[in-house]
Amino acid sequence: MTLGQLADTLGAELRGTRALEITGLATLQEAGPAQLSFLANPQYRKFLDHSQAGAVLLKAADAEGFTGNALIVADPYLAYARISHAFDPKPRAPAGIHPSAVVAADATVAPSASVGPFVVVESGAHIGAGVTIGAHGYIGARCVIGEGGWLAPRVTLYHDVHIGKRVVIQSGAVLGGEGFGFANEKGVWQKIAQVGGVQVGDDVEIGVNTAVDRGALADTVLGNGVKLDNQIQIAHNVQVGDHTAMAACVGISGSTKIGRHCMLAGGVGLVGHIEICDNVFITGMTMVTRSITEPGSYSSGTAMQPAAEWRKSAARIRHLDDMSRRLAQLEKRVDAVTRSADTPSEG
Amino acid sequence: MTLGQLADTLGAELRGTRALEITGLATLQEAGPAQLSFLANPQYRKFLDHSQAGAVLLKAADAEGFTGNALIVADPYLAYARISHAFDPKPRAPAGIHPSAVVAADATVAPSASVGPFVVVESGAHIGAGVTIGAHGYIGARCVIGEGGWLAPRVTLYHDVHIGKRVVIQSGAVLGGEGFGFANEKGVWQKIAQVGGVQVGDDVEIGVNTAVDRGALADTVLGNGVKLDNQIQIAHNVQVGDHTAMAACVGISGSTKIGRHCMLAGGVGLVGHIEICDNVFITGMTMVTRSITEPGSYSSGTAMQPAAEWRKSAARIRHLDDMSRRLAQLEKRVDAVTRSADTPSEG
Amino acid sequence: MTLGQLADTLGAELRGTRALEITGLATLQEAGPAQLSFLANPQYRKFLDHSQAGAVLLKAADAEGFTGNALIVADPYLAYARISHAFDPKPRAPAGIHPSAVVAADATVAPSASVGPFVVVESGAHIGAGVTIGAHGYIGARCVIGEGGWLAPRVTLYHDVHIGKRVVIQSGAVLGGEGFGFANEKGVWQKIAQVGGVQVGDDVEIGVNTAVDRGALADTVLGNGVKLDNQIQIAHNVQVGDHTAMAACVGISGSTKIGRHCMLAGGVGLVGHIEICDNVFITGMTMVTRSITEPGSYSSGTAMQPAAEWRKSAARIRHLDDMSRRLAQLEKRVDAVTRSADTPSEG
């Protein structure tokens with residue numbers, strides 16, 4: 001693409017050579033003369049002047065004094081996100097059903113959909129227009145995949161999983177697994193059939209090896225625009241509100257309800273049957289054991305220390321209750337001493 | 001099924017219309033007139049009177065004054081577990097070997113077993129009566145799967161994995177992977193072949209994307225009735241006692257031995273080469289670095305706080321050792337002051 | 001193999017019966033008369049004299065007074081690692097392409113490589129000499145797998161993943177997944193195409209269900225000799241230095257750079273965009289939120305306690321800031337009292 005075409009696509013103001021051929025994207029430090037870069041984080045401003053980039057996506061304010069080719073936009077990071085897809089080397093799968101695939105007679109596959117090698121599509125499933133099912137995919141009975149979805153190789157959907165439009169699912173993800181439901185009978189666990197399904201909204205992304213269990217009775221629900229990173233666990237009957245994002249290794253226990261526009265950083269764990277309101281940010285590896293009713297940032301855990309110091313801190317924490325009691329006692333004694341010290345002067 | 005049939009199946013006392021057709025299960029709040037519900041948790045008692053459920057599983061005590069259809073049982077949650085399987089929409093796989101499957105000539109597959117599309121069964125493996133191997137399954141050389149087992153699509157067993165009867169394994173689970181065994185030679189890690197296998201007892205369940213590594217020398221062992229949720233890591237030579245349950249995202253390091261009837265909540269981590277006795281409950285995200293010899297509940301970690309407060313707490317923890325020393329010093333000084341304050345009165 | 005052959009292979013000094021047939025490996029406690037054992041950890045010295053092992057790998061110092069068959073070596077654990085492969089029951093896959101595999105016309109597969117059932121090899125990929133691709137493997141477009149690699153069944157490589165020589169990848173691992181890159185536009189997440197690839201050095205091992213994401217712009221990089229255990233998350237553009245090892249369930253956020261010869265214990269989490277220097281050891285479940293510039297051991301978290309005691313400690317931690325302020329105040333008051341107590345004696 002030429003710089004001019006990129007400017008037109010983005011609605012950007014072009015300062016420089018319209019005919020310049022752009023073949024890829026790179027950071028300011030690594031970009032070469034045929035690559036487009038961007039300046040989003042002010043910390044990288046220092047790399048701008050010496051960048052070898054063919055052109056740079058810039059805010060008007062950052063473009064002052066910059067002599068290279070520039071595309072002036074309101075939000076360079078967002079412009080980079082938009083244009084990145086033009087340079088994606090990801091192969092496009094051809095429409096049609098690969099001859100090795102096993103598709104049930106009563107499943108429906110849109111003619112524009114692509115069903116890859118060794119895919120299994122079970123009875124009553126529906127694959128929408130423009131959907132890609134990568135190799136080794138498994139689409140269970142009565143599943144529905146809305147138009148424009150992209151399932152990487154090796155994605156497994158159990159039966160009755162309903163997926164919205166333009167949903168991206170990475171390899172190894174499993175939707176509709178049987179949640180962890182057991183009744184205890186004198187110490188022996190009796191399995192509870194998981195008869196609910198999974199509902200996934202539009203524009204959702206689900207990461208590598210992430211698990212979203214089916215509901216025990218009602219469905220497990222992911223709202224529109226939800227983004228789940230890799231290695232996440234979503235237990236049965238969890239509800240995740242629209243546009244909430246979770247980084248890798250998050251674990252959400254059963255029946256927990258998470259609001260809209262929340263962000264859970266990596267490794268966060270939520271106990272079951274709680275509720276998180278909208279606009280909550282939870283920092284990495286936080287253990288959430290109660291509902292959150294106020295928007296804002298929340299954390300738990302202790303800061304890293306050199307191991308020798310940490311051992312002392314960890315030992316002290318075990319005696320915090322004792323320390324606290326000693327402190328209170330000391331306060332009383334000092335009160336007493338102070339009073340007795342005061343008394344004579346009054347006498 | 002009619003309500004009468006359900007009562008007969010469960011051995012329940014029926015109060016109401018024997019001929020009522022029941023087509024599914026739901027919670028008290030969501031159930032409709034053709035659905036069965038249950039009251040197990042007293043917190044939900046308030047929903048009973050206004051429930052639209054066609055019938056409700058109830059304890060005799062909770063049924064007093066209830067005018068709807070009821071099935072009276074000693075343990076409604078357990079009755080619900082039992083009857084749930086009658087309403088499970090999970091498709092049953094047909095007996096026989098799918099024509100696309102690759103089965104070694106010297107493997108044995110019971111005629112009543114179901115081997116799905118694109119399954120591979122390697123040399124010397126044995127698939128028992130009534131076993132289901134879902135699509136994309138891989139059954140390694142000399143594996144044995146006991147009767148009645150159900151393996152979801154895409155389950156991978158390396159060679160020499162022995163599975164008991166009625167075992168359920170969810171998608172993405174891997175049994176028999178090569179554990180993390182390396183000897184360090186001047187900073188370079190040399191791989192140690194993992195020559196042991198995996199033994200899984202009867203009535204075990206293994207969750208989505210859970211990994212159970214093979215033994216380094218002897219076998220890794222899961223006892224009877226063990227229930228593992230999703231995304232769990234069981235390292236080489238771990239031994240898990242009968243009827244122990246682990247929630248999602250638990251990680252157990254090598255050669256650790258866990259007793260019977262233990263419960264590990266989500267995200268718990270156990271260091272290697274320790275021993276946990278029977279009847280231990282470990283709360284979520286606890287870091288277990290030493291053996292546990294007494295039954296009971298154990299925890300670690302800090303409670304969640306608003307991030308601004310947490311930052312202060314976390315900073316204070318780093319100085320706990322200093323605080324502790326200052327407190328001890330202060331106690332001595334107050335002792336001294338108190339003594340010196342006492343002294344005059346003695347004189 | 002005979003004991004003599006083992007001695008020759010290892011360059012060990014043989015004390016005992018050269019012709020003794022050795023059929024396997026076991027621990028000192030479990031070994032029988034046809035098995036080889038080893039003594040590496042001094043704690044197990046007590047099991048040596050009563051071991052039924054046919055022969056034992058020993059240091060010269062430990063062999064004094066031992067009357068059984070012995071192979072004397074400088075490092076018994078390393079010798080055990082070396083010889084373990086001679087007793088590995090892992091089946092060897094035959095060279096050649098299984099008839100069910102789907103291999104692109106322009107992919108190249110070395111004649112000595114093994115491509116298993118239901119494997120897909122995409123356009124432009126190259127499979128080197130002696131490589132094994134287990135059943136259900138997916139090798140994306142333009143991937144390169146260096147000679148001697150061993151991919152267990154069900155390994156998925158997206159496009160443009162470059163793997164060095166002798167790399168071992170366990171089942172369920174996914175390399176090249178699309179990292180978690182989104183730009184926020186008024187609360188809605190816009191996907192950023194992940195146009196980088198993955199580079200993996202020689203002699204790397206990647207565990208079961210581990211995810212290594214492709215780079216957003218430049219590549220994600222694992223150095224030579226890196227060993228990753230199961231269930232690990234490596235985000236986009238992470239760089240891992242040579243011979244660094246990570247135990248299971250570690251999560252590394254995007255663009256983090258880890259040095260050489262580091263060890264991360266199980267469940268460790270690293271925030272993004274930080275740098276860890278060479279020779280760092282991080283203990284289990286530590287939360288790493290800042291760069292580490294000095295070699296050494298680092299930790300975070302609190303020690304496990306009985307749950308009732310833990311609840312008190314956790315509550316106290318929330319009030320640590322208050323405690324700290326009360327302590328400082330008390331010190332001032334005691335200072336004042338001490339001074340005022342001193343004053344009279346001076347008068």
Side-chain angles (χ1 to χ4, degrees), chain B residues 102 118 120 122-123 136 138 141 154 156 158-160 172 174 177-178 180 182-183 185 187-193 195 209 211 213 217-218 231 233 235 251 253 269 271 283 286-290 296-303 305 309 312-313 316-317 323 326-327 330 333-334 337 340-341, chain C residues 24-27 30 77-78 80-82 84-85 87-91 100 117-118 135-136 152-154 168 170-172 205 207-209 225 227 229-231 243 245 247-249 261 266-267 284-285 301-307 310 314-315 317-318 320-321 324 327 330-331 334 337-338 341:
Chain B
V102 171
F118 310 125
V120 176
E122 296 283 16
S123 173
H136 304 124
Y138 179 87
R154 198 224 299 173
T156 300
Y158 284 54
H159 52 285
D160 300 307
V174 177
E178 296 178 353
F180 204 61
F182 299 95
E185 183 182 20
V188 174
W189 298 102
Q190 302 294 349
K191 185 176 173 78
I192 298 169
V195 306
N209 285 344
D213 281 342
L217 290 168
Q231 310 276 28
Q233 154 69 1
S253 303
V271 77
T283 64
T286 292
M287 170 170 75
V288 184
T289 56
R290 55 180 177 79
S297 292
Y298 296 86
S299 306
S300 78
T302 76
Q305 298 177 273
E309 293 174 28
K312 287 183 198 166
S313 300
R316 294 301 184 195
I317 288 173
M323 260 180 79
R326 283 162 55 200
L327 179 60
L330 212 51
R333 290 175 65 191
V334 171
V337 167
S340 73
Chain C
L25 299 169
T27 61
E30 293 174 345
Y77 196 63
L78 187 58
Y80 152 58
R82 287 245 172 78
S84 66
H85 299 276
F87 299 100
D88 193 351
K90 182 161 73 172
S100 66
F118 310 125
H136 305 123
R154 197 224 299 174
V168 171
Q170 305 290 340
S171 292
E205 176 138 355
V208 169
N209 286 344
K227 309 293 182 188
D229 197 356
N230 300 352
Q231 310 274 30
H243 308 297
C249 306
H261 299 289
M285 298 177 83
T302 76
M304 184 183 69
Q305 297 177 272
W310 169 79
I317 287 173
R318 288 222 306 265
L320 251 185
D321 196 52
S324 177
L327 179 61
L330 212 50
E331 285 174 325
V334 171
V337 167
T338 314

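So that the names make sense, note that chain A is the first sequence line, chain B the second, and so on, each numbered from 1.
For chain B, the nearby part of C:Arg154 is the side chain; its heavy atoms alone come within less than 4.5 Å. Both the backbone and the side chain of C:His85 come within contact range of chain B, judged by heavy atoms closer than 4.5 Å. Using a 4.5 Å cut-off between heavy atoms, B:Gln305 contacts chain C through its side chain alone, with no backbone atom that close. Of the atoms belonging to B:Val188, heavy atoms from both backbone and side chain fall under 4.5 Å from chain C. Only the side chain of C:Gln231 comes within less than 4.5 Å of a heavy atom of chain B; its backbone N, CA, C and O stay farther away. For C:Glu331, the parts lying under 4.5 angstrom from a heavy atom of chain B are both the backbone and the side chain. Looking at B:Asn209, the atoms closer than 4.5 Å to chain C (heavy atoms on both sides) sit in the backbone and in the side chain alike. Both the backbone and the side chain of C:Tyr77 come within contact range of chain B, with heavy atoms under 4.5 Å apart.
The minimum heavy-atom distance between B:Ser300 and C:Trp310, with the atom names listed, is C-NE1, 3.3 Å. Nearest heavy-atom pair across C:Ser84 and B:Ala193 is OG-N, 2.8 Å. Closest non-hydrogen pair, B:Gly301 versus C:Thr302, comes out as N-OG1, 2.7 Å. When all heavy atoms of B:Ser313 and C:Leu320 are compared, the pair lying nearest together is O-CD1, 4.0 Å.
Here CZ of B:Phe180 is found 7.5 Å from CH2 of B:Trp189. Values are rounded to the nearest 0.5 Å. Between atom CD of residue B:Gln233 and atom SG of residue C:Cys249 there is a gap of 5.5 Å, rounded to the nearest 0.5 Å. Taking CG of C:Leu78 as the start and CZ of B:Phe182 as the end, the distance is 13.5 Å to the nearest 0.5 Å. To the nearest 0.5 Å, the span separating CD on B:Gln190 from CD on B:Glu185 amounts to 5.0 Å. Going from atom OH of B:Tyr158 over to atom CD of C:Gln170 covers 3.5 Å, rounded to the nearest 0.5 Å.
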Carefully, step by step, assess B:Tyr298 and B:Val288 under the rule side-chain contact (heavy atoms from CB on, under 4.5 Å). CA-CA 9 Å; B:Tyr298 296 86; B:Val288 184; over 6 Å; no

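Heavy-atom pairs under 4.5 Å with chain B were tallied for C:Gly225, C:Ala245, C:Gly267; the largest tally goes to C:Ala245. Put simply, of B:Ala183, B:Gly296, B:Ala211, B:Ser299, the one with the most heavy-atom pairs under 4.5 Å next to chain C is B:Ser299. With chain B as the partner, the residue from C:His136, C:Arg82, C:Glu30 showing the most heavy-atom pairs under 4.5 Å is C:His136. No other option in B:Val334, B:Thr286, B:Thr289 has as many heavy-atom pairs under 4.5 Å with chain C as B:Thr286. Options C:Asp229, C:Thr27, C:Val208, C:Asp88 differ in how many heavy-atom pairs under 4.5 Å they form with chain B, and the most are formed by C:Asp229. With chain B as partner, the option from C:Leu25, C:Leu327, C:Ile317 having the largest number of non-hydrogen pairs under 4.5 angstrom is C:Leu327. Options B:Met323, B:Arg316, B:Met287 differ in how many heavy-atom pairs under 4.5 Å they form with chain C, and the most are formed by B:Arg316. Interface remark: of the candidates C:Ala314, C:Ala307, C:Gly207, C:Ala315, C:Ala307 forms the most heavy-atom pairs closer than 4.5 Å to chain B. Chain C forms the most heavy-atom pairs under 4.5 Å with one residue out of B:Ala141, B:Gly187, B:Gly177, B:Gly251, and that residue is B:Gly187. Heavy-atom pairs under 4.5 Å with chain C were tallied for B:Gly172, B:Gly269, B:Ala235, B:Ser123; the largest tally goes to B:Gly172. Chain C forms the most heavy-atom pairs under 4.5 Å with one residue out of B:Glu122, B:Arg290, B:Glu178, B:Glu309, and that residue is B:Glu178.
By the 4.5 Å heavy-atom criterion applied to side chains, B:Val195 and B:Leu217 are counted as neighbours.
Put simply, the side chain of C:Ser171 never gets that close to the backbone of C:Ala152: no donor and acceptor are under 3.5 Å apart.
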